[in-house]
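Following: one structure in structure tokens, then a few remarks.
Along the sequence shown, residues are numbered consecutively beginning with 1.
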Amino acid sequence: AYNKRAEMLLDLESLTEDGKVTFSRQAYEKIQDVLPFITKTLRTNGTYMIRSKDEVKAMIGRSPDELDAVLLGIHAAITDIRPGYMV
């Protein structure tokens with residue numbers, strides 16, 4: 001991935017496609033309007049670049065904070081970071 005945010009989004013995509021992560025209806029409703037604006041582009045060096053948070057924010061008229069919270073939760077689960085641990 002191009003950067004950590006792109007890596008986390010690709011992880012989420014992969015985990016949901018594999019059925020390893022699912023959302024409650026309430027959680028999905030919080031992020032469903034943001035998901036169509038998340039696009040990925042394969043770069044010539046083989047990494048994926050994701051539409052920037054600033055671009056998404058401009059398109060939806062607010063910060064995609066709920067999606068960011070999901071991404072951080074997935075990242076914590078993957079890396080097994082526990083509360084209070086400093087990276």
Side-chain angles (χ1 to χ4, degrees):
Y2 176 72
N3 58 27
K4 184 56 77 176
R5 187 165 186 272
E7 181 182 332
M8 291 189 297
L9 282 161
L10 292 170
D11 286 341
L12 177 62
E13 178 184 56
S14 175
L15 290 167
T16 53
E17 285 176 357
D18 293 345
K20 294 179 180 176
V21 169
T22 58
F23 295 98
S24 68
R25 180 172 302 175
Q26 183 181 16
Y28 183 73
E29 287 172 358
K30 296 269 187 188
I31 64 170
Q32 70 180 353
D33 63 329
V34 178
L35 295 176
F37 297 97
I38 306 299
T39 59
K40 65 182 180 183
T41 306
L42 182 60
R43 299 177 52 182
T44 56
N45 66 0
T47 61
Y48 280 99
M49 186 169 189
I50 304 294
R51 180 176 280 155
S52 77
K53 183 175 180 175
D54 288 337
E55 287 179 78
V56 172
K57 185 177 179 178
M59 296 170 115
I60 65 173
R62 61 179 174 78
S63 183
D65 292 335
E66 291 87 357
L67 179 59
D68 289 347
V70 168
L71 295 177
L72 291 171
I74 295 295
H75 180 68
I78 289 172
T79 58
D80 196 29
I81 296 174
R82 291 177 176 78
Y85 181 77
M86 300 296 284
V87 178

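- If you take CG on L15 and OG1 on T22, they are separated by 11.0 Å, rounding to the nearest 0.5 Å.
- Remark: E13 CD to D18 CG distance equals 10.0 Å, nearest 0.5 Å.
- The distance from the CE atom of M49 to the CG atom of N3 is 7.5 Å, given to the nearest 0.5 Å.
- Side chain of R51 to backbone of F37: a donor-acceptor contact under 3.5 angstrom is found.
- Distance check: Q32 CD to E66 CD gives 11.5 Å after rounding to the nearest 0.5 Å.
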Determine, stepwise, if the pair L12 / L67 fulfils side-chain contact (heavy atoms from CB on, under 4.5 Å).
CA-CA 10 Å; L12 177 62; L67 179 59; 4.1 Å; yes
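- Residues N45 and T47 bring a donor and an acceptor atom of their side chains to less than 3.5 Å of each other.
- Atom CE of M59 sits about 9.5 Å away from atom CD1 of I38, to the nearest 0.5 Å.
- For K57, the NZ atom sits in a loose shell: 12 or fewer heavy atoms of surrounding residues, nucleotides or ligands are nearer than 6.0 Å.
- I50 contributes atom CD1, which lies 8.0 Å from atom CZ of R5 (distance to the nearest 0.5 angstrom).
- Within the 4.5 Å cutoff, no side-chain heavy atoms of D11 are placed close to those of L71.
- Using a 4.5 Å heavy-atom cutoff, the side chains of D65 and K53 are in contact.
- In this structure, F23 and V70 have side chains that are in contact, with non-hydrogen atoms separated by less than 4.5 Å.
- Between L9 and K40, every side-chain heavy-atom pair lies at or beyond the 4.5 Å cut-off.
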Start with the C-alpha gap between E55 and T39, add the side-chain angles, then the distance that decides, and say whether side-chain contact (heavy atoms from CB on, under 4.5 Å) holds. CA-CA 11 Å; E55 287 179 78; T39 59; over 6 Å; no
